[in-house]
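Notes to accompany the following structure.
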Amino acid sequence: MKKGDASPVLVNIGFGNVVAASKVVAIVTPGSAPMKRLREEAKKTGRLIDATEGRRTRSIIVTDSNHIILSAIQAETITQRFFEGKEAIAGEED
């Protein structure tokens, strides 16, 4: 990206689905009871986005708009992709 370019950094969350890195607040694992409640609450209020393509949920992404995104990719893998995106931007700014 060029300096001053307003393009959002998009991170692949699996199966061709991407999320804007600047909108992500947290990436968590779905196993705990609070995360299960978070998912159910988002489903009831229409804020749940299922990007698993029918596969098992391996991570939950929380956005700044309070939307909940389900992904079939491990939380560690998505986190690593975020860091790779930040390194690419930092390298282009030099």
Side-chain angles (χ1 to χ4, degrees):
M1 277 187 349
K2 295 177 184 171
K3 201 169 196 172
D5 192 358
S7 299
V9 176
L10 300 176
V11 178
N12 184 350
I13 60 167
F15 306 108
N17 300 300
V18 294
V19 65
S22 62
K23 301 294 182 181
V24 173
V25 175
I27 304 169
V28 295
T29 56
S32 68
M35 291 305 109
K36 290 177 183 176
R37 283 194 301 270
L38 181 70
R39 179 195 306 193
E40 289 303 314
E41 195 174 299
K43 188 174 184 178
K44 287 178 187 175
T45 59
R47 296 179 290 112
L48 184 70
I49 301 168
D50 188 351
T52 62
E53 298 283 328
R55 290 172 176 80
R56 185 173 144 225
T57 301
R58 295 178 183 249
S59 62
I60 297 175
I61 302 166
V62 181
T63 65
D64 61 356
S65 62
N66 212 19
H67 282 82
I68 306 301
I69 305 170
L70 306 180
S71 175
I73 306 295
Q74 293 282 350
E76 294 83 14
T77 304
I78 296 173
T79 303
Q80 188 175 23
R81 291 177 184 178
F82 270 87
F83 287 127
E84 288 170 359
K86 285 184 179 182
E87 288 172 2
I89 291 172
E92 290 176 3
E93 290 178 354
D94 292 340

Distance (rounded to the nearest 0.5 Å) between K23 NZ and T63 OG1 = 8.5 Å
Provide the closest heavy-atom pair for P30 versus R58 in the form atom of the first, atom of the second, distance.
-> CD-O, 3.4 Å
Heavy-atom closest contact (S71 atom, I78 atom, distance) = OG-CD1, 3.7 Å
side-chain contact (heavy atoms from CB on, under 4.5 Å) involving T79 - partner list, sequence neighbours excluded | I27, F83
Residue pair V11 / R81: nearest heavy atoms and the distance that separates them | CG1-CB, 3.7 Å
OG of S32 to CG of L38, rounded to nearest 0.5 Å, is 9.0 Å
Count the heavy atoms of every other residue, nucleotide or ligand shown that sit under 6.0 Å from CD of E41, and state whether that count exceeds 12.
-> no
Taking the side chain as every heavy atom from C-beta outward, state whether R39 and L48 have any atom pair closer than 4.5 Å.
-> yes
Value rounded to 0.5 Å, distance of OG1 in T52 from CG in L70 | 6.5 Å
Between S59 (side chain) and I73 (backbone), is there a donor-acceptor pair under 3.5 Å?
-> yes
Separation between CD1 (I60) and CD1 (I69), nearest 0.5 Å, reads 11.0 Å
Measuring from K44:NZ to E40:CD, what's the distance to the nearest 0.5 Å?
-> 7.0 Å
Rounded distance [0.5 Å steps], CG in N12 versus CG in N17 = 7.5 Å
State, to 0.1 Å, how close A51 and F15 come at their nearest heavy-atom pair, and which atoms those are.
-> O-CD1, 4.0 Å
Among the clusters formed by ILVMFWY side chains lying less than 4.5 Å apart, do V62 and V24 turn up in the same one?
-> no
